[in-house]
Amino acid sequence: MSINYQDRIPNNVDLGSNRTLQRALEHWQPEFLNWWQELGPKDFQIADVYLRTATSVDAKGWATYGFVKMPEYRWGIFLAERNGDRKIGFGDNFGQEVWQQVPGEHRSTLRRLIVTQGDTEPASVEQQRMLGHTAPSLYDLRNLFQVNVEEGRHLWAMVYLLHAYFGRDGREEAEELLERHSGDADKPRILGTFNEPIRDWLSFFMFTYFTDRDGKFQLKSLAESSFDPLARTCQFMLTEEAHHMFVGDTGITRVIKRALEVMKELNSDDPEAIRAAGAIDLPTVQRYLNFWFSSSLDLFGSESSSNAASYFANGLKGRPDESRYEDHIALDSMYTVEAPDGHGGTKAEQIAMRNAMNDVTRGSYVKDCEMGVTRWNRLIEKAGHSFRLSLPSTRFRRNIGIWANVPTDPSGKPIPQEEFNAKIASWLPSEGDQAFVLSLMHGVHEPGKMAAWVAPPDRGINNNPVDYEYVKMH
Ligand SMILES: [Fe+2]
Ligand SMILES: [Fe+2]
């Protein structure tokens, strides 16, 4: 079904045919807009921003580009096309019809999954709300706002499901999605990483690389769900999500490129010299990477999880790219995890495969994260330097799961608590690092100009030049 932009809420779900639902969502809409004004991007609400808006949900040409004031962005409800032959792809009900309605016995679990996903979407907008002031270029400013409006739309995607399928409970949850706030002492967002402040653009690039990528894997798991409307909405969200990770990937690449240029000019890899020249040294990039990667790993949950097992058994949440696995029942197989042995070493533990689904997904995520690191290291190697970036171990600095609060070094080796306490400041961004990175953050809001700490991108957006005026201030 094509997207209807005539309605107050653009949609491809024939919203007009369900007046009660339409009215409920139209009632939520002004609350969303209030939230956007209060906690969305600060101070750029009247700027004209070169944004893409979804105009269809098929793979090609789903977006149109044009100048939009953010509060006038057409947030709406877009589900991927329904596949009438779709069958349940995993778990105890493998091969049966997918569900168009929520089965009573899975109602509260599905609601919880949708709320948890939905909560991350506005959280990231809140985390990023001050960054417009310090954007390194108009190109970057536009990308930030594109990410922000789409996270707002992802909230719409989840709120639609809550309103359409979960009755009064769903409507109440939708209200609460606007009441919790990132970092709020009384009503924080549900997941830890989404309460971490993002004060600078290096953190923003790390967040979009590592934490939006967690989002990709969560969405891929939910895109396998037997609850078909959830699967379809996540399928379309994934196409938007790709841009967010592009922003992180190219952002980190450009930071590294700039550092390498300065290292060449100075003929030095001395971090102090590189900083004095206004670029970000590679060891600092590594410490930011350590922070955001390890924080994002916790989002996948415990290595061994009875919840994960029942989500899989019941067909609520599958593995990313479930069709690539041979065994979709996963009832008889085992999975090995390396657990701390309590004496400073590790021991192999066997757990049922279904209980290991969080770790299976985390493993796919880590592989995906590796790809960027490999590319970045190639750049560094080509420039003739021996420094290499690396992902820390999945055991490092964990707060959830079998390695929670077990002191290890970044390679995952268990170490005494005292040693950990003494060294952690050298593994994560120190106050000095953060103050330095913040000192570089000055808004560059002139077309074609770029802050000195980041290289320009290879190309602009939608075939426009890099120096295009992507955001018009007033
Ligand atoms: Fe999102
Ligand atoms: Fe995202």
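Note that ligands are numbered from 1 as they come in the structure, with each ligand's atoms numbered from 1 the same way.
Taking 4.0 Å as the cut-off between side-chain N and carboxylate O, D458 and R254 do not count as a salt-bridged pair. Ion pairing of R362 with E303 is present here, as a side-chain N (NZ or NE/NH1/NH2) and a carboxylate O approach within less than 4.0 Å. Between R319 and E224 no salt bridge is recorded (no basic side-chain N to carboxylate O distance below 4.0 Å).
Summary: ND1 is the N/O/S atom of H244 found nearest to the Fe ion (ligand 2). Atom OE2 is the N/O/S atom of E151 found closest to the Fe ion (ligand 2). Within E241, the N, O or S atom at minimum distance from the Fe ion (ligand 2) carries the name OE2.
With a cut-off of 2.8 Å, the Fe ion (ligand 1) has an N, O or S atom of H154 in range. In summary, E121 places an N/O/S atom under 2.8 Å from the Fe ion (ligand 1), meeting the contact criterion. The Fe ion (ligand 1) does not have D212 among its coordinating residues (no N/O/S atom, backbone or side chain, under 2.8 Å).
Residues L238 and A223 come closest through the heavy atom pair CD1-CB, 4.4 Å.
Contact of the P188 side chain with the H181 side chain is not registered, since no non-hydrogen atoms from C-beta on lie closer than 4.5 Å.
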